[in-house]
Amino acid sequence: MPQKILLVFGTRPEAIKMLPVAQALRQEPSVEVRICVTAQHRQMLDQVLDLFEERPDYDLDVMTHSQGLEQVTTAVLNGLGRVLDDARPDRILVHGDTTTTMAATLAAFYRRVPVAHVEAGLRSGDPLQPWPEEINRRVTDVVADRFFAPTARSRDNLLKENVPAQAIHVTGNTVIDALLDVVERIRRRPDLVVGLERRFAFLDAKRPILLVTGHRRENFGAPFESLCEAIRDLALSQHIQVVYPVHLNPNVQSAVRRVLGGVTHVHLIEPLDYLPFVYLMMRAHVVLTDSGGIQEEAPSLGKPVFVMRNVTERPEAVEAGTVRLVGTDRERIFNAVSEVLADRAAYERMSRAHNPYGDGKASRRIADILTRGQTSEFLP
Ligand code: UD1
Ligand code: UDP
């Protein structure tokens, strides 16, 4: 009897990081792969499914406009319970730290279905930053019985919480599998690049690109205003152009459009599909973000990253010097970014390409562990 594995995910970053795992598992004759999307995101999720040419077996379609956390949690709990009754998987795989992750884990626990956690063991140490993600991942790790930790640091975090060592595997982060796949597609297909250049023809070829993303819930309100003001100050005083694909969360949309709408050298655009976004990261001079995934991807591409957070659960690239934490204070962001724009040596120190988060083989390792029980570990 094949092992029935149900992958459950719902947002853009989970899809980017889980579809390489689905594809590695599909190569295993001893595994029957099923996918359930909660659709906590809709358009931002569907574009990733299209890119990897995957169709989910189940779609809970839970997204509503400006949804609250309890709404997403209860919709996923109810919906997934029914899916588990129908699919009867031997285990589910969840990813990371979203509300989908936490609620799917709880739904599986209520049906006594074992949970494996991909990207397990990340910790900022502060329950309120990022919020609610730090608690989502801790809850998930209380329930899970197999842990795919991306780095040695995340394994150590789990060991400190008394997770048995034999249940943890250091695999690297599957986001690097997805990133390298897409970079390769872009490099191999000059026709694709021509199309992308045409699409971004509005960019000024002479101005370096500051690529911005921001969406963290704990920053809504004054911190978000302040970081947008810093971006406006940078656009108006430095020889750069800002490209900001704005997250569809209405709280983000309203603050960004109010402060940055119509500002010279600021391009506010729709969220990009993953392939054009990777292309833009490759073209960017500097990245300014509060995203988790981009903190992992940009160092692989040798791009300096300024992270608009006070703490991070991804300290490896900070220690290596390619990522700097700048919080959300207007002056602090402005000073840190302008200093590196002005100082060539400082810029070069931050743009050393390295891969602390993965080597492109994380999904293969996860498939090996689930089918053969073991594999070699990721070593940066
Ligand atoms: C969520 C996750 C966060 C993750 C982020 C990645 C939680 C609590 N938050 O952020 O951990 O880092 O996704 O992007 O799990 N919307 C659309 N279309 C979409 C997606 C969103 O219209 O495809 C709008 C909807 O109005 C929706 C709102 O954005 O209600 C917020 O979506 P939500 O999934 O709650 O996003 P975040 O919490 O901002
Ligand atoms: N991303 C994308 N289009 C965009 C912005 C980001 O495809 O317009 C990708 C990015 O490369 C990364 C992931 O989405 O892989 C990060 O998602 P997000 O910042 O929404 O979530 P987080 O990583 O913070 O959970």
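Atoms within a ligand are numbered from 1 in the order they appear, just like the ligands themselves.
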- prompt: With sequence neighbours left out, what residues match Tyr58 under side chain to side chain donor-acceptor pair (under 3.5 Å)?
  reply: Asp86
message: Applying a heavy-atom cut-off of 4.0 Å, say which part of Leu69 lies close to ligand 1: side chain, backbone, both or neither.
response: side chain
- request: Give the single entry among Arg42, His215, Gln47, Arg137 that approaches atom 4 (C) of ligand 1 most closely by any heavy atom.
  value: His215
task: Heavy-atom distances under 4.0 Å are what count here, so tell me which part of Glu133 touches ligand 1: side chain, backbone, both or neither.
output: side chain
statement: Of Met102, Arg217, Glu14, the one whose closest heavy atom lies nearest atom 35 (O) of ligand 1 is Arg217
field: Contact with ligand 1 for Leu45, non-hydrogen, under 4.0 angstrom
entry: no
query: Would a 4.5 Å heavy-atom cut-off, applied to side chains only, mark Pro250 and His65 as touching?
result: yes
task: Report the residue from Glu296, Glu319, Glu133 that forms a salt bridge (charged side-chain N to carboxylate O under 4.0 Å, His left out) with Arg314.
output: Glu296
message: Can you confirm if the NZ or CZ of Arg185 lies within 45° of the ring axis of Phe52 and under 6.0 Å from the centre of its six-membered ring?
response: yes
- request: Just let me know how Pro130 lines up against ligand 1, side chain, backbone, both or neither, with a heavy-atom cut-off below 4.0 Å.
  value: neither
task: Hey, can you tell me if His247 and His41 have their rings parallel, tilted or perpendicular (30° and 60° cut-offs)?
output: perpendicular
query: Counting heavy atoms only, which part of Pro132 comes closer than 4.0 Å to ligand 1: side chain, backbone, both or neither?
result: side chain
Give me the pairs of N or O atoms, one from ligand 2 and one from the protein, that sit under 3.5 Å apart.
unit_1   : atom_1 : unit_2 : atom_2 : d
ligand 2 : 3 (N)  : Arg12  : NH1    : 3.4
ligand 2 : 3 (N)  : Leu272 : O      : 2.8
ligand 2 : 8 (O)  : Leu272 : N      : 2.9
ligand 2 : 11 (O) : Glu297 : OE1    : 2.7
ligand 2 : 11 (O) : Glu297 : OE2    : 3.4
ligand 2 : 14 (O) : Arg12  : NE     : 3.3
ligand 2 : 15 (O) : Glu297 : OE1    : 3.3
ligand 2 : 15 (O) : Glu297 : OE2    : 2.7
ligand 2 : 19 (O) : His215 : NE2    : 3.4
ligand 2 : 19 (O) : Ser291 : OG     : 2.9
ligand 2 : 20 (O) : Arg12  : NE     : 3.4
ligand 2 : 20 (O) : Arg12  : NH2    : 2.7
ligand 2 : 21 (O) : His215 : NE2    : 3.4
ligand 2 : 23 (O) : Ser291 : OG     : 3.2
ligand 2 : 23 (O) : Gly292 : N      : 3.3
ligand 2 : 23 (O) : Gly293 : N      : 2.7
ligand 2 : 24 (O) : His215 : NE2    : 3.0
ligand 2 : 24 (O) : Arg216 : NH1    : 3.1
ligand 2 : 24 (O) : Ser291 : OG     : 3.4
ligand 2 : 24 (O) : Gly292 : N      : 2.8

task: Only heavy atoms count here, so choose which of His41, Met44, Met63, Gln40 is nearest to atom 17 (C) of ligand 1.
output: Met63
- prompt: What is the minimum heavy-atom distance between Thr98 and Glu14, and which atoms define it?
  reply: OG1-OE2, 3.0 Å
query: Counting both backbone and side chain atoms, is some N or O of His247 under 3.5 Å from an N or O of ligand 1?
result: yes
